[in-house]
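All residue numbers refer to positions in the sequence shown, counting from 1.
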Amino acid sequence: MADHAVVFGASSFERLMLCPGSAVLCEGAPRRASQYSAEGTAIHAASAAVLEGGLWPTPGSEVEADGFTFRWDADMEACGQTYVDYVLGLDGDFVLVEQRVRFGAAIGLPDSDDDGFGTADAGVIKGTELIVVDLKCGRGVEVTAGADSPYSPDEVPEKRPNPQLALYAIGALAELQGVAGDFETVRLVIVQPRAGGVSEYVMTVDELAHWAEFVAEPAAARVLAASEMPALNDLWAGAYLNPTEKGCKFCAAKATCPALRGEVAETVFAQFPASPDEFAAMPDPGTDSPAISAEWVSAALTKVDLIEDWCKAVRAEAERRLCEGEPVPGWKLVAGKRGARQWADEKQAEDVMRKQMRLPVEKAYNLKLITPPQAEKLAKAGDIGPRQWPKLQALITQGEGKPHVAPESDPRPAITVAATPEDFDIA
């Protein structure tokens, strides 16, 4: 029996629910923070300090997180301030900041002392309600706190809380048991200022316990079963690996996962001839063949994001190995395009041009009016007053967004126009 040390973290649990075998593939896989995740870490740290009575970093000052250095700006502060305002606006009886919680016992993990953990951004106790708040700093994908499954009038709706927040709540309830009285409801909250705003989802404590027993616990059992298989063979992969756009998005093993590789290969190649000689046998584009039908295009579109993410992951994995001195047959590291030229000492260059060369101001400097987004940052920072900003807003115009393809589940209304394919930016 294989001895795999499965890590059950709240932030990764949804991935484990979707793909139990990813726990094994990710074991020992290197995890590198991106610039975006590091910025989120910096905003989280600053926000926690403010909730505990501290101050925001000085504008323009350097803040470090996960090996990256950022200049603290109005946008970062606005993101954190939205979260801080929400937490303090709850007017709770007690606020827990960056609370470490454990939920292993509630979902049947064998070593509940070491397995099943996470750190909740904020927990607010308000009467008989426990409110768990999580700050998301991302811009692209909106994260929701939960939803009910569709149901008929005669059925009880299935509660589908955000797994990360649900586990935080389960762990917090265990920590507070006997300390803060009896809780009746749990409110799960995502604060995502840059996409979606605030998402709330309320459950009773009994509904949360039901989710833990009948959803989270069976999911954890499947992960443990996957970790106990004797070998990572095709049978194991078929049983425990499940490539999906959501599950694979942040998986550390995405570049080397055999199931994802097979999914990409089947999607890309299954409908087309395999050799150059066979291309002559391709159907006439005027025929309604499966390879060019609208149904095939629709099916292929559902896989595009997954395939693009896989391509990026493979490229990043090759770069990581080469940077660590590990050979990748047929590939090598080369110097990339050189960066933009800049002054080693801007003040010294300014003195030479202005004082020694006596260049006039209009030649030594580029004077250009700031853009509307830059003006908005000044408004948020207070450099432009609340009565002044509306006057500038009245002078701002914004072009219509270019049409692009989106799934029918997208909340935006469909555009009904007579257009040619060249009119669309497929994204």
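- In this structure, Phe250 places its CZ atom where only 12 or fewer heavy-atom neighbours from other residues, nucleotides or ligands lie under 6.0 Å away.
- Of all the heavy atoms in Cys79 and Cys137, the pair that sits closest is SG-SG, 3.9 Å.
- Put simply, the side chain of Glu129 reaches to within 4.5 Å of the side chain of Ile131, judged on heavy atoms.
- Listed here is the closest heavy atom pair of Asp66 and Ser37: OD2-O, 4.5 Å.
- Without hydrogens or angle criteria, Gln388 side chain to Gly385 main chain gives a donor-acceptor distance under 3.5 Å.
- The closest donor-acceptor contact from the side chain of Ser199 to the backbone of Ala145 lies under 3.5 Å.
- Between the side chain of Arg15 and the main chain of Gly247, no donor-acceptor pair closer than 3.5 Å is present.
- For Arg315, the CZ atom counts as loosely surrounded, since its 6.0 Å shell holds 12 or fewer non-hydrogen atoms of other residues, nucleotides or ligands.
- Although no hydrogens or angles enter the test, the distance criterion places no donor-acceptor pair under 3.5 Å between the side chain of Ser61 and the main chain of Pro57.
- Of the candidates Leu208, Thr128, Ile125, Ile125 is the only one forming a side chain to side chain contact (heavy atoms under 4.5 Å, CB included) with Phe183.
- Atom CG of Leu395 has more than 12 heavy atoms from other residues, nucleotides or ligands within 6.0 Å.
- Residue Leu260 comes nearest to Pro243 through the heavy atom pair N-CG, 3.7 Å, listed as atom of the first residue, atom of the second, then distance.
- Although no hydrogens or angles enter the test, the distance criterion places no donor-acceptor pair under 3.5 Å between the side chain of His210 and the main chain of Asp206.
- Looking at Leu167 and Trp211, their side chains come closer than 4.5 Å, going by heavy atoms from C-beta outward.
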*Kindly indicate, with the supporting measurements, whether the criterion salt bridge (charged side-chain N to carboxylate O under 4.0 Å, His left out) is fulfilled by Lys159 and Asp148.*
CA-CA 5 Å; Lys159 296 293 182 178; Asp148 290 345; 3.5 Å; yes
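- Residue Gln374 qualifies as enclosed at atom CD: its count of foreign heavy atoms under 6.0 Å is above 12.
- In this structure the side chain of Thr119 never reaches within 4.5 angstrom of the side chain of Val101, judged on heavy atoms.
- Using a distance-only test at 3.5 Å, with no hydrogens or angles considered, no donor-acceptor pair links the side chain of Asn162 to the main chain of Gly146.
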*Between Leu306 and Glu263, is a side-chain contact (heavy atoms from CB on, under 4.5 Å) present by the stated rule, with each step listed?*
CA-CA 9 Å; Leu306 182 65; Glu263 182 85 356; 4.0 Å; yes
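- Between atom CH2 of residue Trp389 and atom CD1 of residue Ile384 there is a gap of 6.5 Å, rounded to the nearest 0.5 Å.
- In this structure, the side chain of Asp93 engages the main chain of Gly127 through a donor-acceptor pair within 3.5 Å.
- For the atom pair CD (Glu175) and CD1 (Ile170), the distance works out to 13.0 Å, reported to the nearest 0.5 Å.
- In terms of modelled atom types and a separation under 3.5 Å, the side chain of Asp121 and the main chain of Leu135 share a donor-acceptor contact.
- Smallest separation of non-hydrogen atoms from Leu25 and Pro258: CD1-CD, 4.2 Å.
- Here the side chain of Tyr201 pairs a donor or acceptor atom with the backbone of Ala147 at under 3.5 angstrom.
- You'll find the side chain of Val189 stays beyond 4.5 Å of the side chain of Leu90, heavy atoms only.
- Interatomic distance, CG of Leu165 versus CZ of Phe13, reported as 14.0 Å (0.5 Å rounding).
- At a threshold of 4.5 Å between non-hydrogen side-chain atoms, the residues Lys246 and Leu18 count as touching.
- The side-chain heavy atoms of Leu51 and Leu88, taken from C-beta on, include a pair separated by under 4.5 Å.
- By the 4.0 Å N-to-carboxylate-O rule, Glu317 lies close enough to Arg321 to be salt-bridged with it.
- Counting heavy atoms from C-beta on, the side chains of Leu322 and Glu319 never come closer than 4.5 Å.
- Nearest heavy atom pair, residue Val87 against residue Val124, reads CG1-CG2, 4.1 Å.
- To the nearest 0.5 Å, the span separating CH2 on Trp310 from NZ on Lys254 amounts to 12.0 Å.
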*Go through the steps to decide whether Cys26 and Cys251 satisfy the test side-chain contact (heavy atoms from CB on, under 4.5 Å), and finish with yes or no.*
CA-CA 7 Å; Cys26 288; Cys251 181; 3.5 Å; yes
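- Between the side chains of Tyr86 and Glu200, at least one donor N or O lies within less than 3.5 Å of an accepting N or O.
- Using a 4.0 Å cut-off between charged nitrogen and carboxylate oxygen, Glu142 and Lys136 do not count as a salt-bridge pair.
- Between Trp56 and Trp72, the angle of the ring planes stays under 30°, which puts this pair in the parallel group of the 30/60° scheme.
- The pair Arg139-Glu39 does not meet the salt-bridge criterion, since no charged nitrogen lies less than 4.0 angstrom from a carboxylate oxygen.
- A salt bridge links Glu324 to Arg320: at least one charged side-chain nitrogen sits closer than 4.0 Å to a carboxylate oxygen.
- A distance of 8.0 Å separates OG in Ser22 from CG in Leu241, rounded to the nearest 0.5 Å.
- A distance-only check finds no donor-acceptor pair linking the side chain of Glu64 to the backbone of Phe70 [under 3.5 Å].
- Within the 4.5 Å cutoff, side-chain heavy atoms of Thr82 are placed close to those of Val191.
- By the 4.0 Å N-to-carboxylate-O rule, Asp75 lies close enough to Arg194 to be salt-bridged with it.
- Rounding to the nearest 0.5 Å places CG of Leu109 at 6.5 Å from CG of Leu224.
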*Determine, stepwise, if the pair Ile190 / Val133 fulfils side-chain contact (heavy atoms from CB on, under 4.5 Å).*
CA-CA 6 Å; Ile190 295 288; Val133 188; over 6 Å; no
*After noting the C-alpha distance and the side-chain angles of Val215 and Met17, does the key distance pass the side-chain contact (heavy atoms from CB on, under 4.5 Å) rule?*
CA-CA 9 Å; Val215 178; Met17 292 173 67; 3.6 Å; yes
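- Between Lys126 and Asp91 no salt bridge is recorded (no basic side-chain N to carboxylate O distance below 4.0 Å).
- Counting all heavy atoms, side chain and backbone alike, Pro372 lies closest to Ile396 at CB-CD1, 3.8 Å.
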